[in-house]
Peer 1: 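Got a structure for you, questions after.
Just so it is clear: chains get the letters A, B, ... in the order the sequence lines come, proteins before strands, and each one is counted from 1. Basis for what follows: all heavy atoms, side chains included, without hydrogens, waters or symmetry-related copies.
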Amino acid sequence: MRKKLATVWLGGCSGCHMSFLDLDERLLEIAQWADVVKSPVVDQKEFPEVDVVLVEGAVVNAEHEEEIVLMRRRSRVLVAFGDCAVTANVPSMRNAWPKEVVLRRSYLEVPGTVEGRVPTEEVAALIDRVRPLHELVKVDFFLPGCPPSADLIYYVLTELLHDRVPVLDEARLKFG
Amino acid sequence: MRKITINPVTRIEGHAKITLQLDEVGEVATARFHVNEFRGFEKFCEGRLFTEMPNITPRICGICPVSHAVASAKAGEMIMKVTPPVAGELVRRLIHLGQHISSHALSFFHLSCPDLLLGWGGDPARRNIVGLAAAHPDVARRGIRLRQFGQEISERITGKKIHAIGIVAGGMLQPLTEEAREALRAWVPEARETVRLGLELLARHCAEHADEVRDFDRFETLYLGTVGPEGEHELYDGRLRFVDARGGMLADQLDPARYLDWIAEQPVEWSYLKYPYYRPLGPERGVYRVGPLARLNVASRMKTPLAQAEFERFRALAEGGPVHGSFRYHQARLIETLGCVEEIELLLDDPRITSDETQAQARRNQAEGVGCSESPRGTLFHHYVTDAGGLLTGVNLLIATGQNNPAMNRSILDVARRHVRGNDISEEALNRVEGAIRCYDPCLSCSTHAVGSMPLVIELRNARGDLTGCWARGTGG
Ligand code: SF4
């Protein structure tokens with residue numbers, strides 16, 4: 001049976017997605033086993049029911065909180081994709097300060113700013129603490145790396161899309 | 001007016017969204033591009049060692065991490081008052097050009113070709129790289145391999161494609177080996193052919209859809225880009241040039257370290273992305289653009305022959321003045337890619353590039369440093385202030401997509417006015433509005449020092465501001 005695959009981008013730098021694109025021609029191989037039904041690189045309205053979702057990034061704002069819960073509900077296998085999803089990584093560096101202080105710096109205090117103000121309309125509100133995925137939902141697989149290499153992504157996807165359990169042993173687990 | 005309910009799923013979708021406000025007669029009155037996310041590098045880098053920054057700041061963006069690393073390393077070099085050895089500069093330049101190729105290839109082949117070859121009104125489920133591979137396997141495969149070539153340069157030098165450790169204040173940690181040089185050299189002809197294929201595809205599209213290309217917004221702005229000492233096109237290192245909408249020189253050979261004299265930024269309530277402008281002319285008249293279109297509009301010439309020939313054709317579109325149509329970003333991007341491939345070939349032939357001497361050592365010698373480089377999407381500034389121990393006390397980042405923000409807002413207004421009337425948006429009109437954004441190839445990761453794929457939500461509001469329609473879907477970012 002063809003599988004449905006999604007890749008989603010929360011609070012990350014897109015680097016994990018770029019590593020996914022580093023599958024290069026193997027992307028077309030993946031496309032033979034699965035339809036990429038939701039991803040920043042395809043056009044699709046809403047998050048559908050999927051077999052596997054790779055989630056890049058940490059949970060940074062209120063919209064991510066809703067999104068991750070919804071994705072969990074609609075996905076058979078949820079993979080924390082990269083260090084930001086696994087540990088909250090670089091985005092969580094802001095946790096050392098209250099979010100108001102962090103916002104003030106970027107919108108009122110940095111040099112070159114004229115008529116500073118913090119955006120509040122039509123933008124997602126930051127949550128107090130940036131969090132890794134597993135603090136909010138059950139994560140089935142942790143795929144570390146900043147980003148995980150294309151070879152590791154290929155291995156994990158190949159296993160999952162053929163209903164096998166990827167073995168992330170010491171040789172494969174590598175942060176940073 | 002009929003009120004269209006917002007699907008809760010699509011509601012929580014948007015990392016970026018567009019709102020279109022209609023006036024009483026149903027014409028588009030305002031259009032806004034909202035960027036939804038924020039990470040806060042400017043604050044949280046405080047207290048780190050300035051020498052750590054070339055490893056932290058690439059995490060702003062996985063599409064142009066090398067540009068961040070380069071700007072960061074240069075800011076560090078100013079703090080250390082040191083210049084890297086020749087081989088360090090050459091290898092760094094090589095990786096930087098490689099990143100331009102992979103980013104430009106992604107923008108053109110993976111993200112834009114589906115529109116150009118499958119049609120604006122094509123089935124959204126097929127309008128992507130996989131759909132492209134089914135319909136035009138050769139184009140897709142070659143595009144993928146062109147991107148791979150760019151990524152491979154970093155891999156061959158540092159052992160990693162994304163967020164490689166190697167670019168440091170003072171130069172490069174690793175030299176280029178003979179073996180890597182040979183392997184990359186062998187790939188050059190194929191890369192050159194693929195860029196030419198891209199240029200042909202685009203030329204054909206422009207010829208077959210002349211009206212549409214002309215119809216794309218073509219409002220006039222100022223332009224900013226880096227140039228070499230003779231005004232030549234430059235991506236890695238140089239001085240800044242601003243030109244006006246007629247091509248007149250506003251300011252030339254500016255020291256990037258003094259960027260604050262020329263550029264100011266105004267935050268807005270409704271987006272995490274600020275409104276930068278050319279300070280001497282103010283926020284209204286000082287709207288400028290950066291990136292491939294801007295760089296080709298400010299440059300006096302390209303550095304290599306094939307790119308120069310294309311450049312001459314490009315500038316002839318506007319009789320030598322600046323080319324304003326946003327659609328021409330695509331062409332400018334490909335011309336730059338061609339120039340990158342040619343320059344890479346020259347670099348690989350330079351006997352100095354494989355020297356082991358790649359790094360200069362120094363300690364902190366002054367408090368402040370500014371580093372600037374041209375990222376694929378435009379001019380990028382990193383500005384650091386340190387204390388006596390080298391810990392950062394101030395960080396300011398001025399990012400390419402941020403600088404295009406005022407112009408992107410103008411572009412969607414232009415396109416929406418032509419394609420949206422009343423409460424009805426066709427799939428095609430929707431895609432065209434997004435297409436206006438896609439021309440800029442905006443990188444929301446970078447621009448907000450935040451995140452952001454490019455799923456867009458378009459909201460339509462009537463003259464009273466009530467929500468009357470909402471469309472959502474992901475677009476390539
Ligand atoms: S894990 Fe690394 S590469 Fe992936 S999103 Fe986070 S910072 Fe970027």
Side-chain angles (χ1 to χ4, degrees), chain A residues 8-19 21-22 24-25 27-28 31 36 38-47 57 60-61 63 66-67 70 89-91 93-94 96-97 101-103 105-107 110-124 126 146-147 149-150, chain B residues 7 9-10 12-13 15 17 19 34 36-40 42-44 56 59-63 65 106 110-111 124-125 127-130 133 141 144-145 147-148 151 161-163 260 263-272 383 396 398 445 449 451-455 472-477:
Chain A
V8 179
W9 182 349
L10 301 180
C13 76
S14 82
C16 292
H17 270 78
M18 290 306 117
S19 197
L21 288 183
D22 285 337
D24 300 321
E25 288 168 83
L27 276 173
L28 304 177
V36 182
K38 177 85 185 87
S39 165
V41 292
V42 305
D43 283 352
Q44 162 72 28
K45 275 179 200 261
E46 51 186 67
F47 195 89
V60 166
N61 64 38
E63 291 189 2
E66 285 179 55
E67 263 178 283
L70 179 97
N89 199 25
V90 173
M93 285 167 71
R94 84 152 157 88
W97 292 270
V101 173
V102 181
L103 283 164
R105 171 58 53 92
S106 289
Y107 295 99
V110 290
T113 307
V114 176
E115 294 175 31
R117 66 195 114 174
V118 173
T120 49
E121 291 167 22
E122 308 263 7
V123 292
L126 301 187
C146 182
S149 70
Chain B
N7 181 328
V9 181
T10 58
I12 61 163
E13 165 83 19
H15 292 213
K17 81 181 164 188
T19 55
H34 309 266
N36 209 10
E37 305 209 12
F38 171 80
R39 281 180 297 172
E42 280 146 338
K43 181 68 191 178
F44 71 59
I56 297 174
R59 269 75 182 182
I60 290 172
C61 174
I63 305 174
L106 169 67
H110 298 59
L111 301 176
R127 210 168 44 206
N128 55 52
I129 183 72
V130 175
R141 204 183 61 84
I144 285 171
R145 280 185 55 81
R147 179 179 174 281
Q148 186 182 4
Q151 298 287 88
K161 288 184 173 169
I162 299 161
H163 302 333
L260 289 172
I263 302 169
E265 292 186 278
Q266 202 166 24
V268 293
E269 269 105 8
W270 43 269
S271 176
Y272 281 126
H383 181 182
N396 190 27
L398 183 59
S445 298
H449 330 319
V451 208
S453 48
M454 275 281 293
R473 65 133 189 273
T475 71

Peer 1: Hey, does the side chain of A:Tyr107 reach the backbone of B:Tyr272 with a donor-acceptor pair shorter than 3.5 angstrom?
Peer 2: yes
Peer 1: So which part of A:Ala124 gets closer than 4.5 Å to some heavy atom of chain B, the side chain, the backbone, both or neither?
Peer 2: both
Peer 1: Considering non-hydrogen atoms only, spot the tightest contact between A:Pro119 and B:Ser271 and give its length.
Peer 2: CG-O, 3.2 Å
Peer 1: Under a 4.5 Å heavy-atom cut-off, does chain B meet the side chain of A:Asp22, its backbone, both or neither?
Peer 2: both
Peer 1: By a 4.5 Å heavy-atom criterion (distance strictly below it), what part of B:Leu260 contacts chain A: side chain, backbone, both, or neither?
Peer 2: side chain
Peer 1: If you take all heavy atoms of B:Arg147 and A:Met18, which pair is closest and at what distance?
Peer 2: NH2-O, 3.1 Å
Peer 1: Are the side chains of A:Glu122 and B:Glu269 in touch, meaning some heavy atoms are under 4.5 Å apart?
Peer 2: no
Peer 1: Taking the side chain as everything from C-beta on, heavy atoms only, tell me whether A:Val114 gets closer than 4.5 Å to B:Glu265.
Peer 2: no
Peer 1: Among A:Pro147, A:Cys16, A:Ser14, which one satisfies side chain to side chain contact (heavy atoms under 4.5 Å, CB included) with B:Ile162?
Peer 2: A:Pro147
Peer 1: Taking side chain as C-beta onward, heavy atoms only, is A:Met93 less than 4.5 Å from B:Ile56?
Peer 2: yes
Peer 1: Measuring from A:Asp24:CG to B:Arg145:CZ, what's the distance to the nearest 0.5 Å?
Peer 2: 8.5 Å
Peer 1: For the interface with chain B, which of A:Pro111, A:Ala31, A:Ala96, A:Ala150 has the highest count of heavy-atom pairs at distances below 4.5 Å?
Peer 2: A:Pro111
Peer 1: Does the B:Asn396 side chain pair with the main chain of A:Val110, one donor and one acceptor, at a distance under 3.5 Å?
Peer 2: no
Peer 1: Distance check, rounded to the nearest 0.5 Å: B:Thr19 atom OG1 versus A:Glu121 atom CD?
Peer 2: 10.5 Å
Peer 1: With a 4.5 Å limit on heavy-atom distance, are the side chains of B:Val130 and A:Leu27 in contact?
Peer 2: no
Peer 1: Between A:Arg94 and B:Arg39, is there a side-chain heavy-atom distance shorter than 4.5 Å?
Peer 2: no
Peer 1: Is it the backbone or the side chain of A:Leu126 that comes under 4.5 Å from a heavy atom of chain B, or both, or neither?
Peer 2: both
Peer 1: So, A:Arg117 side chain and B:Pro267 main chain: donor-acceptor pair closer than 3.5 Å or not?
Peer 2: yes
Peer 1: Would you give the length of the straight line joining atom CD1 of B:Ile129 to atom CG of A:Leu28, rounded to the nearest 0.5 angstrom?
Peer 2: 7.5 Å
Peer 1: Using heavy-atom distances under 4.5 Å, tell me whether B:Gln151 contacts chain A through its side chain, its backbone, both, or neither.
Peer 2: side chain
Peer 1: For B:Phe38 and A:Asn61, run side chain to side chain contact (heavy atoms under 4.5 Å, CB included): C-alpha distance rounded to whole Å, both residues' side-chain angles, the deciding distance at 0.1 Å, then the answer.
Peer 2: CA-CA 9 Å; B:Phe38 171 80; A:Asn61 64 38; over 6 Å; no
Peer 1: Report yes if the side chains of B:Trp270 and A:Val123 come closer than 4.5 Å at any heavy-atom pair, otherwise no.
Peer 2: no
Peer 1: When rounded to the nearest 0.5 angstrom, what distance separates NZ in B:Lys161 from OG in A:Ser149?
Peer 2: 9.5 Å
Peer 1: Show the numbers, then the answer: is there a side chain to side chain donor-acceptor pair (under 3.5 Å) between B:Glu42 and A:Ser106?
Peer 2: CA-CA 6 Å; B:Glu42 280 146 338; A:Ser106 289; 2.7 Å; yes
